[in-house]
Number of protein chains: 2
Amino acid sequence: MTETSSKKASLHDVARAAGVSISTVSRAQAHPERLSAKTRDKVLAVTRELGYHPNIAARNLRLGHTKTLLAVMPNHKATSVSTITTEAQYGIGAQCRKQGYALNVVHMDETEATADHVLQLAYGGQASGLILMAEQPYELHGRRLQDCGLPIVSLSEDLTHLNIPSVVTSDRQSMMDAIDTLADLGHTSFYFISGPDNSYHSRQREAGVRSGLIRRFGSDTGLQKFRADFSVQSGIDAAAAYLALDDRPSAVICWADEAAIGFQSAILNAGLAIPDDLSLISFDGLTASRYMRPPICTFDQNMTDLGAQAAQLLIDMIDSGEPPKGASIEYPAKLFPGGSIAPI
Amino acid sequence: MTETSSKKASLHDVARAAGVSISTVSRAQAHPERLSAKTRDKVLAVTRELGYHPNIAARNLRLGHTKTLLAVMPNHKATSVSTITTEAQYGIGAQCRKQGYALNVVHMDETEATADHVLQLAYGGQASGLILMAEQPYELHGRRLQDCGLPIVSLSEDLTHLNIPSVVTSDRQSMMDAIDTLADLGHTSFYFISGPDNSYHSRQREAGVRSGLIRRFGSDTGLQKFRADFSVQSGIDAAAAYLALDDRPSAVICWADEAAIGFQSAILNAGLAIPDDLSLISFDGLTASRYMRPPICTFDQNMTDLGAQAAQLLIDMIDSGEPPKGASIEYPAKLFPGGSIAPI
DNA sequence: TTGTACGCGTTATCAG
DNA sequence: CTGATAACGCGTACAA
């Protein structure tokens, strides 16, 4: 109702209007019980009347904290079907909110400007902690993100060797399980669609596949491999390469759902049947994979939980001084039993 | 190299170590040309040595701005295949970065705690402007988000009647075009899968369908309708309802890709063929839709551009006082020609 | 119970 | 060209 004149009201304005000192107004917010009922009511009335709300930035400065987390997320390709980062961010955001933290987000890309922006945010004291999800060098002009002096938690990439607590998925273990699952169905020949060589997840998952092969068959030398990337298109390319093979493996393991979606699509378009002609198993647990025909058998990551865990871990580090308790948390991915695998 | 003792260095620390006043150190950052070469080099050297970086929060407080935008995003359902909000956020983030703004994000949900959190952020002066993408009441305990005194831009929902500049897609026009496209193929009977009654986009798109019908056929009375929602599952339900019809329309228009994906999947599972037995056209332009079999014919929104536009509009409002120039910007969605439509 | 004074880390103004 | 000072908006000892 009462229209405030123009600018935002400050502690000062309220104090003057209520005929008290600014500390009294301040107390009315934080420690209402320490005021006499009379002045408290008076102050609160004026507070409402003037539409006063404390300036959180100033409060944080005074209190020496920021109550803000900075999440560094991976670049989002326009042609992506992945909801991984959205889910992760949702989990992070929900946990932040519960703990009264604000969430700053920046999506990485390859430009120096972006690297500089992140560094600026981190070194500029805009946040009290960092969640790292982007696979990036985080370095510019000799300034490294890790040296910004803030607590850091890595999400989905294991960075414990850099002394950074990490919340990760069971990349390796899941892929070992994938081999067992396929082998139990009678498969003995395997085709692996990997990601880029510099991708952490790709390397982990390939290592898992090879370990699984060695554990089950004593050797991984028979593994055939195609290098794809994050895109659906690269899965289509993988299909072309697969189809050109003289002796096609009966089981295909794909490093990520995006590529698997492209792969399956191209295979079906070529007239082959899944899982009749070949079995396909993948990793990520995208909802989109569930609605392919057939639904793609894939490892579900529950990124929302992972994100929430990472945020909580970081907030614990901020609140309790510094020492990270458990170095790293691994969340097992759960196999979603799509229709893309079958006995040979 | 040089390990800083423990806490972050401040202007004061550098000044003392360099034997100058704090204003000189401050100037070395902002106006280096106003210092003598000698002192500037000295100060800069000490700055580097101590690992000093200005505290942005304090600077912003002094300068009376926040250089921060707050984006209020819709709730993300765990079972979603939509990348709309991710794309929008990416566009917003990129534009913020270019303009030196930080980006605060909060995902809405139905809880009061979240509403309170958003209100707190907005009224607390944590940001200088708001981007609204969530379809929510934004109100709690009589505090309305719109009254927080900050410039606001609506993304994807037309809020110009509330005097809020809006960046929107061509919901209505596109759906009118959809009718024409289908009618040109010979279709005369239509089935519309809507969203929830309280969804802005659903209402807009239904209005577009009906307008298109009236424009082309003089009446919309023949339109059959099923109410779905944001989920893939609701599209599956729609398929069941459609299949139960005695006289099935040959053309199906779906309000959103998520539901369309479920619908198509269920239709195919039931043994019907698309587009042989029915044509399907939808809205959203999800990448996932492109890789369905057949690819779903859908209107592509380019949310990245929309997001960037919204951010820029908001920043303009912040920088240039207040007056919003153009009330609203409409981005036409482009039809992605999937294989889900055909002549009757 | 309430008011005074100071400081959080900056930057801008004004002397010198 | 450089330094002292005030102020941004707030919270809290300390004193009254």
Side-chain angles (χ1 to χ4, degrees), chain A residues 4 7-44 46-47 50-68 100 120-121 123-128 149, chain B residues 4 7-44 46-47 50-68 100 120-121 123-128 149:
Chain A
T4 313
K7 284 298 172 190
K8 308 200 90 168
S10 84
L11 223 39
H12 217 86
D13 303 322
V14 180
R16 206 169 16 141
V20 296
S21 76
I22 62 167
S23 41
T24 301
V25 182
S26 176
R27 267 185 286 256
Q29 301 277 331
H31 315 286
E33 76 281 2
R34 295 192 186 167
L35 296 187
S36 72
K38 192 178 160 194
T39 50
R40 179 183 52 220
D41 293 347
K42 172 67 177 166
V43 169
L44 259 27
V46 175
T47 294
L50 263 45
Y52 167 74
H53 296 274
N55 181 315
I56 311 290
R59 162 187 295 168
N60 287 345
L61 178 63
R62 172 69 236 259
L63 262 27
H65 59 217
T66 67
K67 288 287 179 187
T68 299
Q120 186 76 7
L121 254 18
Y123 278 91
Q126 297 266 58
S128 299
Chain B
T4 312
K7 284 300 173 189
K8 308 200 91 170
S10 83
L11 223 38
H12 218 88
D13 303 322
V14 179
R16 206 167 16 142
V20 297
S21 76
I22 61 169
S23 30
T24 300
V25 181
S26 176
R27 266 186 288 257
Q29 301 276 332
H31 315 285
E33 74 282 2
R34 295 191 186 168
L35 293 188
S36 72
K38 194 178 159 193
T39 50
R40 180 184 52 221
D41 292 348
K42 172 68 178 168
V43 170
L44 256 29
V46 176
T47 293
L50 263 45
Y52 166 73
H53 296 274
N55 182 315
I56 311 290
R59 162 186 296 169
N60 287 345
L61 177 62
R62 174 64 238 253
L63 262 26
H65 60 217
T66 67
K67 288 288 178 186
T68 300
Q120 187 75 8
L121 255 18
Y123 278 90
Q126 297 266 59
S128 299

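Throughout, protein chains are lettered first and strands after them, A, B, ... in sequence-line order, and every chain is numbered starting at 1. Because the structure is predicted, anything quoted here is derived from the model rather than measured.
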task: Look at all strands and tell whether B:His65 reaches a base, only sugar-phosphate, or nothing, counting heavy atoms closer than 4.0 Å.
output: nothing

task: Return the value, rounded to whole Å, for the distance between atom CG of A:Asp41 and atom P of C:dT2.
output: 11 Å

field: Base versus backbone protein contacts along nucleotides 11-16 of chain D [heavy-atom cut-off under 4.0 Å; B, S, -]
entry: BBB---

query: Quick one: salt bridge (charged side-chain N to carboxylate O under 4.0 Å, His left out) partners of A:Arg16, sequence neighbours excluded?
result: A:Asp13

message: Among residues at least two apart in sequence or on other chains, which ones pass side chain to side chain donor-acceptor pair (under 3.5 Å) with A:Asn60?
response: A:His65

- prompt: Quick one: B:Arg34 CZ to C:dC14 P, roughly how many Å, whole number?
  reply: 13 Å

task: Give a yes/no on whether any side-chain N or O of B:Ser10 is located under 4.0 angstrom from OP1 or OP2 of C:dC8.
output: no

- line: side chain to side chain donor-acceptor pair (under 3.5 Å) filter on A:Ser21, not counting sequence neighbours, yields A:Ser23, A:Thr24

query: Quick one: A:Gln126 CD to C:dT10 P, roughly how many Å, whole number?
result: 12 Å

query: In chain order, what residues pass the side chain to side chain donor-acceptor pair (under 3.5 Å) check against A:Ser26, with sequence neighbours excluded?
result: none

field: Side chain A:Lys8, main chain A:Gly51, donor-acceptor under 3.5 Å
entry: no

- request: Any pair with a residue in residues 21-31 of chain B that passes salt bridge (charged side-chain N to carboxylate O under 4.0 Å, His left out), sequence neighbours left out, goes on the list, sorted by first then second residue, please.
  value: none

- prompt: Quick one: B:Asn60 CG to D:dC10 P, roughly how many Å, whole number?
  reply: 16 Å

- request: Nearest whole angstrom, please: distance from the C1' of C:dC8 to the NZ of A:Lys67.
  value: 17 Å

- prompt: Between B:Ser36 and D:dT2, does any side-chain N or O lie under 4.0 Å from OP1 or OP2?
  reply: yes

Interatomic distance, A:Glu33 CD vs C:dT1 C1' [rounded to whole Å]: 12 Å

message: Can you measure B:Leu35 atom CG to D:dC1 atom P for me and round it to whole angstrom units?
response: 8 Å

